[in-house]
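Comments concern the structure below.
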Protein chains: 2
Amino acid sequence: MNEPTTDERPTDAQREQETGCCSGRHEHALSESAVATDVELLATLGNDTRYEALRIIAAADDDVCVCEIEPALGVSQGAVSQALSRLFSAGLVERRKEGRWRYYSSTPRAEGLLAALDETRGDVRD
Amino acid sequence: MNEPTTDERPTDAQREQETGCCSGRHEHALSESAVATDVELLATLGNDTRYEALRIIAAADDDVCVCEIEPALGVSQGAVSQALSRLFSAGLVERRKEGRWRYYSSTPRAEGLLAALDETRGDVRD
DNA sequence: CGTTCATTTTAGTATGCGCTAATATAAGAC
DNA sequence: GTCTTATATTAGCGCATACTAAAATGAACG
């Protein structure tokens, strides 16, 4: 999916004497799997239902039963289950089974992310 | 979209003497607009192209010209422009016009978020 | 003016997502 | 065992998203 048909960009050598734009290569130093993990995590949280679910779990003192999360989300029971399931595979929550109930708690990574969101929220000028 | 057909949940009073599950209400204390902003931000970053674009911008010492971001992303030029545009409306990048070129830089919020991702990455056991 | 270059915008399309509804599993209660 | 209760899983559908290709904008330069 990356096939430049012709090479219309200036070469490195040309860039040096060019206008000032395109004067360096730009990359970052993250492994592919780290990127994939991050993107999956962010995509997971980039949805109202899942975001709210995680907020509820993270706000609680101890771990939270699914049946307590459900009424707050305003979607069907199946949708809640799917949401929690995806939060789990993204590494944002831990879960524990007890009898008929399933209890969820947030991971350190989730806590860190939510904290970062909270701490930087004011930085954006409205 | 939230219409319980019948009230099958125990009442608060019942919960107290019930099995131990469903023993409290769970909410969090964020404004609707804060949630909307966060979710939009997270959804924006939950995409390979936009995530990589932001990483490149954030990794650079000074601000970065669009033409330098393009070759690293492996999508069409129009797609890059759309990606940067959405990063901008999500409050993750700032932009500056100079002649024919447009330069992008990351906002404090973006830096904070990326830092949180980096700092918590090891917390997830693989 | 017209041409070229950098970027944005638009139109169209194909894929993926998030939901509901229904069904399945699994564990207590009886 | 049957009957609930709690949660998970599946099928299916409508809508959003992310891209490509093409056209439009806008600035520099002849």
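Numbered from 1 within each chain, the chains take letters A, B, ... in sequence-line order. Quick caveat: nothing in here was measured; it's all calculated off a predicted structure.
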A/Arg55: partners by salt bridge (charged side-chain N to carboxylate O under 4.0 Å, His left out), with sequence neighbours left out = A/Asp118, B/Asp38
State which of D/dT9, D/dT7, D/dA8 makes the closest approach to the side chain of A/Ser85.
-> D/dT9
Using atom CH2 of A/Trp101 as one end and atom P of D/dT5 as the other, report the distance to the nearest whole Å.
-> 12 Å
Pairwise side-chain contact, A/Ser106 with A/Leu54, heavy-atom cut-off 4.5 Å (strictly under) | yes
Any residue of residues 42-55 of chain B with a heavy atom less than 4.0 Å from an atom of DNA chain D = B/Asn47, B/Thr49, B/Arg50
N or O in side chain of A/Arg102 less than 4.0 angstrom from D/dA8 OP1/OP2 = yes
So, does A/Arg109 use its side chain to make a donor-acceptor pair with the main chain of B/Leu117 at under 3.5 Å?
-> yes
Output a table of nitrogen or oxygen pairs between the protein and nucleotides 22-28 of chain C separated by less than 3.5 Å.
none

Between B/Leu87 (CG) and C/dT7 (P), how many Å, whole number?
-> 15 Å
Show your reasoning for whether salt bridge (Lys or Arg N to Asp or Glu O under 4.0 Å) applies to B/Arg96 and B/Glu98.
-> CA-CA 7 Å; B/Arg96 169 175 71 86; B/Glu98 193 176 310; 2.4 Å; yes
Can you figure out which of C/dC19, D/dT9, D/dA18 approaches the side chain of A/Ser81 most closely?
-> D/dT9
Is B/Gln82 side chain donor-acceptor paired with the C/dT7 base, going by distance under 3.5 Å alone?
-> no
Whole-Å distance, B/Tyr103 OH to C/dA6 C1', equals 11 Å
Report yes or no: do B/Thr107 and B/Glu94 form a side-chain donor-acceptor pair below 3.5 Å?
-> no
Is a side-chain donor or acceptor of A/Ser81 paired with a backbone partner of A/Gln77 at a separation under 3.5 angstrom?
-> no
Just by distance, with hydrogens left out, do B/Thr44 and B/Glu40 show a side-chain donor and acceptor under 3.5 Å apart?
-> yes
Consider only side-chain N and O atoms of B/Arg95 and B/Tyr104, and report whether a donor and an acceptor are under 3.5 Å apart.
-> yes
With the side chain defined as heavy atoms from C-beta on, A/Arg95 is closest, among C/dT7, C/dT20, D/dA8, to D/dA8
Taking the side chain as every heavy atom from C-beta outward, state whether B/Ile57 and B/Leu84 have any pair of such atoms under 4.5 Å apart.
-> yes
Could you check how far CZ of B/Arg86 sits from P of C/dT9, rounded to whole Å?
-> 15 Å
